[in-house]
Amino acid sequence: MKYVLKATAPRRQSIDLTKDLNPQQLAVVEAPPGEYLVLAGAGTGKTRTLTYRVARLVAAGAPPDRILLVTFTNRAAREMTERVQELLGIDMRRASAGTFHHIGNRILRRHGEALGLSPSFGILDPEDARSLLSSVIAELGIEKLSARRFPTAKVLAGLISLAAGTRRSFLQVVEEHALRLLDQTVLMEQVARGYAERKRAMNLCDFDDLLTHWHDLLLDPSHHAVADQLRAAYDHVLVDEYQDINALQGALCDAMAAAHRSLICVGDDAQSIYSFRGADFAQISRFTDRHPHATVLKLTTNYRSTPEILALANRSIAHNRDQHPKELRAVKPAGVRPAVIPLRDVYQQAEFVAQRVLELHHEQDLPLRKIAVLYRNHSHSLELQVELTRRQIPFSVRSGLRFFEQAHIKDVVAFLRARQNPHDALAWVRLLRLWPGIGAQTAEKLAQALADAPPGLRSVQILQHHEASARGRGKGALSRLVELWTALDDPAKASPGALIRQIVADHYSEYADRAFPNAAARKEDLEQLAAYAERYPEVDEFLSELSLIQGLSAENVLAAGDPDDMLVLSTIHQAKGLEWPVAFVLWLSDGRFPMAQSLRLPRDEEEERRLFYVATTRAADELYLCYAMLEEARDGPSHLLRPSRFLVELDRAPPVFERWQIEESALTDPPE
């Protein structure tokens, strides 16, 4: 006996769209089904608009399970569907809403057998995926064949993922993103094939497979029946954060909407800043090329920032040629103009930010958590972190660990610690583990021998002794370590900055290439560390200073205040989507922001300008743009820095910023 559940019309609740939405938002919500690109500027109510669009479709009779809502976090999808449920008073749990991977997983559970996957397939998390890759590398014996140059499983996993997301060959990805590993391409491709075979044999998928297999079901001619079912399952496709999707995700969106042509993609091309992760700017910039009948709608009424901040942001982004032009308009009343602050060097920059933060906190009673300091690269915050720690201003780092807590910083500092104190067994263990061929047991044994050495016996002699009896890869590693340690003992390179550069040049640069997907950024951090270390004539003084800084940061500072009230430090990439009443942007000097390597191609410079635009639009009320005028050179006098071209191109009538002049007062005793 069959029992049929009858479809019930949604229990409609009155939604006053004109009360809840502005005219631009209303135009998006009430647009008839079709192909749309919605350009939602910063702070223009994108999420509200997309939520009401879903509610409008459901209220008009669309079953929730026939609406495909793709977001970049499951939390965003959950909040949107819960809000629709509140608006309409209906159950939205059947809605097909979630991230690309979440939706791909559900599709493969139902249709994966067409690809040879059973419905019970397992999903590898990133750590499991790296473990499986490592086992394939070990089985093929590649580590022994190419010990010094072959990348770690983490780096290789990132390259495999990038190739899948960008829909490019593995060789193309290596040439563009990891040229240093080009000579290892054949071996890496061999590992990638073995990895794919092992996953299939074990009925496993990694996160990229959830999308590539979904794509295969849609576009492989041998699966046309399944593709027809998938397309017929949905009447509407809505995509959030469209500026951040990659080529594979863009192809999935287009393919899922190919039958009904009801596709609405919401994003902001002016905030497309993730090309290094594989985001494809062409998906949003060339949308109308792929969908010639699409309508472009714009959200430009900004509820976040003052007119003065938006005037600066609008003028900046207007210099980009490859874009959908738009200008943000403020709802908030007039405020203060953004401030451009030329500073002598990065140390004065740090002093200025710290002092101004304290003034805002104490004089204007602004909680520290409502102030953000933004920067292009994590290394740009080094001097500021030191200054904040000295002044006992609590801060949190959104973009990861504090500068001196990062693995690559601690790795290189371990060499200095062992050089100055040969009895530091912990430092020896850490640095020995960085050499291919020296395992955990060997490192522990050798570290103890170095720490227990009698007076008068130099560390390099002990290393030479163990090198003589070592075999295989360990012997080669110790031989290179002896060469490096001999160089570090050179009295001419006694300054901490020179020693750091020696360690990086002779060993750590190569190690970083193999060990870190973002090797270039790590090396820039280390160069910044070396430049900072140049301030100290002796290694002991430098190491003592680091210990004091880390000790102070662990103390309970500003004890009278809220322990959770901390100044926010963040890279601009990590700050996207967030806002603060007050924002500082650091290091606005040409070559730093924009980065020197981003000035080779117009497309890269334009992405840097979009990054500047994102930084400026994080501020609601006050914006401070800082740049250093002098930079200490490795040898000789400091050299002059030019202000960022992003500041120079703003400097015309009518003015959109106020230039501050910094004066230094006479030294006074600190208050009791």
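Quick caveat: nothing in here was measured; it's all calculated off a predicted structure. Reckoned from all heavy atoms, side chains included, excluding hydrogens, waters and symmetry mates.
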Residues which pass salt bridge (charged side-chain N to carboxylate O under 4.0 Å, His left out) with D424, listed by chain and number, not counting sequence neighbours: R417
Non-neighbouring partners of [X] that pass ring-ring contact (aromatic ring centres under 6.0 Å, His included), sequence neighbours left out:
X    : result
H177 : none
Y627 : none
W580 : none
F584 : Y624

Which atom pair, heavy atoms only, marks the closest approach of [X] to [Y]?
X    : Y    : result
R618 : G577 : NH1-N, 3.3 Å
A515 : V155 : C-CG2, 3.6 Å
L434 : Y511 : O-CD1, 3.3 Å
P594 : E608 : CA-OE1, 3.3 Å
A477 : P436 : CB-O, 3.2 Å
A487 : D506 : CB-OD2, 4.4 Å

Separation between [atom1] of [X] and [atom2] of [Y], rounded to the nearest 0.5 Å:
X    : Y    : atom1 : atom2 : value
L641 : L588 : CG    : CG    : 12.0 Å
R398 : H378 : CZ    : NE2   : 13.0 Å
L133 : L156 : CG    : CG    : 5.0 Å
L529 : R501 : CG    : CZ    : 9.5 Å
N377 : H380 : CG    : NE2   : 4.5 Å

Exam field: side chain [X] to backbone [Y], donor-acceptor pair closer than 3.5 Å:
X    : Y    : value
S479 : K475 : no
Q355 : F352 : no
E631 : D345 : no
R419 : L488 : yes
S161 : A157 : no
T442 : I438 : no

Kindly determine whether R480 and E483 satisfy salt bridge (charged side-chain N to carboxylate O under 4.0 Å, His left out), including the steps that lead there. CA-CA 5 Å; R480 294 192 300 276; E483 290 178 10; over 6 Å; no
More than 12 heavy atoms of other groups within 6.0 Å of E541 CD: yes
Inspect the surroundings of CD in Q406 and state if more than 12 heavy atoms from other residues, nucleotides or ligands are less than 6.0 Å away. yes
Determine all donor-acceptor pairs shorter than 3.5 Å in which one atom belongs to a side chain in residues 447-457; sequence neighbours excluded.
from: Q448; atom 1: NE2; to: D452; atom 2: OD1; distance (Å): 3.2
from: Q448; atom 1: NE2; to: D452; atom 2: OD2; distance (Å): 3.2

In chain order, what residues pass the side chain to side chain donor-acceptor pair (under 3.5 Å) check against [X], with sequence neighbours excluded?
X    : result
N74  : none
D411 : R430, Y508
R130 : none
R522 : H408, N518

Going through the distances and angles, do R180 and E510 end up as a salt bridge (charged side-chain N to carboxylate O under 4.0 Å, His left out)? CA-CA 9 Å; R180 65 193 184 276; E510 183 182 278; over 6 Å; no
Answer yes or no: is there a side-chain heavy-atom contact under 4.5 Å between F404 and L382? yes
Sub-4.5 Å side-chain heavy-atom contact between F207 and P126: yes
Working for salt bridge (charged side-chain N to carboxylate O under 4.0 Å, His left out), residues E363 and R356: CA-CA 10 Å; E363 297 175 13; R356 186 65 185 140; 5.3 Å; no
Any side-chain donor paired with an acceptor under 3.5 Å for Q574 and S570? no
Do we see a donor-acceptor contact under 3.5 Å between the side chains of S598 and E605? no
Which residue pairs pass the ring-ring contact (aromatic ring centres under 6.0 Å, His included) test with at least one member in residues 451-489, sequence neighbours excluded? W428-W485
Would you call the rings of H573 and Y274 parallel, tilted or perpendicular, where under 30° means parallel and over 60° means perpendicular? tilted
Kindly assign one of parallel, tilted or perpendicular to the pair F415 and H507, based on the angle between their ring planes and the thresholds 30° and 60°. tilted
Expected list for residues 187-197: side-chain donor-acceptor pairs under 3.5 angstrom, two or more places apart:
from: Y195; atom 1: OH; to: D206; atom 2: OD2; distance (Å): 2.8

